[in-house]
Structures are given as C-alpha cells and as structure tokens.
Amino acid sequence: MFEFNFMRYAFLASTFIAITCGVVGVYVVNRAYSFLAHTLSEIGFAGAAFAVFLGIPPLWGMLLFTFLGSVSVGQLSLKTSQKESAISASSALFIGLGVLFLAISNSNSRYATSILFGSIIGVDYSSVIQLIVLSLIVLLLIMLVARRLNFDSFDHIGAVAHGIKTSVVSFVFLIVLAMSVSIGSQIVGSLLVFILLTLPASTSQYFGKSIKSMVIWSVVIALIGVWAGLYLGYLTNWPVTFFIAMIEVFIYLSAYGWHLIRK
C-alpha cells in the first residue's frame, strides 16, 4: 500500500488533519459550535467552487470563504435570538453559490463530488506541505490562547468575571475553526468535515476527565477513523469518507452504549 506515493501522502495529510480536528473539535463541542462547523463546511464548498471558477487551488478559496464566513456568521449567530435561523439561512445561501460557481465554471460532476466528499487521489506533495503548515499554524494559535480558551469554553461566566476578553478569544477561535474546516475538507470533503470536528470530541467526553485527556482521546479517535478509513478504502476501492463516517459513528455509539451500561 505504501509503495504508492498518493497513499503515503494521504496518510501523512490525514494524520495532521486528524490531530488538528481532534484538538479543535473539543472546543467546538463544548462551545456548542457544532451547527456552525456544519455551516462552515458548506461555506467551504462555495469557496472551493469559487476557486475552481477562478482557476486557483480549491484550498485557497475555502480559506477565503471560511475566514469571512466564520467571522460574519459566527458573530451574527451570537448576536441574534434566532441563532438557528441565521445559520440555516447562511447555509442555504452558500450552497446555492457553490452550485452556481460550479455551473458557470463548466466543471464536471466528478470534480464537484471530490470537493464535497474528498479524494485521496488528489492529495499530492505540495498539498501535503500546505496542510502540514496550516495544521501547525492552527495548533500554534490554540497553544497561544489555550488558557483563556479553556476558561471561556468550559466556564464562560467565570471567564467574564475574571476579566478575560471573551470576544477576542471567540474571534481567534473562529479563525482557527475556519482553518480547520479548510484543512479537514481535503480528506473527507467540505460536506462531511464536521464529522471529524464533532464526533471524536463528543466521544472523548465519555472517557476524558479533564480537558487534556479529552483532547488526547479526541485526537486518538480521529486518527483511528482516518487511518482505518484510508486502509479500508484502499482495500475495497470504496469512498474513504464512507468508512471514516461509519467508523466514527460506530465508536461514538459504542462509547454511548458503554456509558449507559455503566450508569
């Protein structure tokens, strides 16, 4: 399997993607940003389609759109009582834009499918380097605001009482989330990237007793999903995203069932 360059690149890229999404996902779940992560994945689809229309790499279009979308949609959803409605409206808008950009760029359906659901064949050496650099930037940003982000994510009222600038922390995290969506989309696609940003972190809550342990569990579970998904995809020639989704769902349901039995 590893005699093929594209499989080596895919495993290397997926490792950094899993680590990034596993870490960021813990904060996504505990800040109740799961719905926002799903919306950003759809915004990323529009960005990738826009990049195709311009003739530039889809990753840069995703980054542009998710940066703008995370800040605008994130702030909009926090400042309105109709949080779900605001996010749903944004999702509909960007899905429509994505379809439009693909239509006017004359791209075939196979290319659209690779944007939506990912493609390990499309991961080359330059893509791996880009993903590693972006992943390291995300992890560095998390480390720089870790203490304040932990406080704000797990005890928002206490963070405000201690004078922490929660608005600044939220802004930095929205940027981190945008980058994570763009990174994760390279393997599982823009439509299903929220799987890696939510399920491993949700599962980690049944095992972890501290923030550090939840992050470790989340990363391990994400790694299991992407590594096993790539291996099974190679053996069967079925979509890797299908296996990643099924593995992560199975792990989550198993952990949930184990939790119910213990109770």
Side-chain angles (χ1 to χ4, degrees), residues 1-2 4 6-30 33-38 40-42 44-45 113-123 127-128 131-132 134-135 138-139 177 180-209 212-262:
M1 178 175 63
F2 289 109
F4 299 105
F6 77 90
M7 287 304 301
R8 291 198 297 269
Y9 296 153
F11 266 89
L12 183 57
S14 66
T15 297
F16 279 89
I17 288 171
I19 293 172
T20 302
C21 291
V23 173
V24 175
V26 171
Y27 300 102
V28 169
V29 171
N30 285 279
Y33 277 4
S34 298
F35 203 167
L36 179 58
H38 178 65
L40 286 178
S41 68
E42 292 161 348
F45 163 64
T113 301
S114 68
I115 293 175
L116 287 170
F117 303 109
S119 173
I120 61 171
I121 299 177
V123 181
S127 298
V128 171
L131 291 176
I132 291 175
L134 290 173
S135 297
V138 168
L139 295 175
L177 179 57
S180 301
V181 168
S182 299
I183 293 170
S185 297
Q186 306 307 303
I187 289 293
V188 296
S190 61
L191 193 60
L192 298 177
V193 66
F194 70 95
I195 292 173
L196 291 179
L197 284 169
T198 54
L199 281 183
S202 297
T203 307
S204 71
Q205 294 181 329
Y206 294 117
F207 302 110
K209 304 301 180 182
K212 182 179 180 180
S213 62
M214 281 191 290
V215 169
I216 292 174
W217 273 107
S218 180
V219 169
V220 169
I221 294 168
L223 285 171
I224 291 172
V226 295
W227 284 346
L230 285 170
Y231 178 67
L232 292 172
Y234 172 79
L235 291 179
T236 63
N237 202 30
W238 289 9
V240 172
T241 300
F242 163 74
F243 289 113
I244 294 176
M246 293 301 101
I247 292 168
E248 297 296 353
V249 169
F250 174 77
I251 295 174
Y252 172 78
L253 293 178
S254 298
Y256 179 68
W258 177 75
H259 175 71
L260 290 180
I261 292 173
R262 285 189 61 191

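Note that the structure is predicted; figures quoted are calculated from it, not measured.
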How are the rings of F35 and H38 set to each other: parallel, tilted or perpendicular (split at 30° and 60°)?
-> tilted
Should the ring pair Y206 and H259 be called parallel, tilted or perpendicular, given that the plane angle runs from 0 to 90° and is split at 30 and 60?
-> tilted
If I compare all heavy atoms of [X] with all of [Y], which pair ends up nearest, and what's the gap?
X    : Y    : value
I244 : G225 : CG1-O, 3.6 Å
A13  : V128 : CB-CG2, 4.3 Å
I247 : G229 : CD1-N, 3.8 Å
V24  : S180 : CG2-OG, 3.3 Å
L40  : V181 : O-CG1, 3.7 Å

In Å and rounded to the nearest 0.5 Å, what is the [atom1] to [atom2] distance from [X] to [Y]?
X    : Y    : atom1 : atom2 : result
F16  : L131 : CZ    : CG    : 10.0 Å
S14  : L196 : OG    : CG    : 9.5 Å
W258 : S254 : CH2   : OG    : 12.0 Å
I251 : S204 : CD1   : OG    : 12.0 Å
L230 : L235 : CG    : CG    : 11.0 Å
C21  : I195 : SG    : CD1   : 11.0 Å

So do [Y] and [X] actually touch side chain to side chain, heavy atoms under 4.5 Å?
X    : Y    : value
E248 : T203 : no
Y252 : S202 : yes
T15  : V226 : no
L177 : L197 : yes

Sub-3.5 Å donor-acceptor pair from the side chain of S218 to the main-chain atoms of V215, do we have one?
-> no
Is there a donor in the side chain of S135 and an acceptor in the side chain of T20, or the other way round, less than 3.5 Å apart?
-> yes
Would you mind telling me which of V219, V220, I221 makes a side chain to side chain contact (heavy atoms under 4.5 Å, CB included) with L223?
-> V219
Y231, OH: over 12 other non-hydrogen atoms inside 6.0 angstrom = no
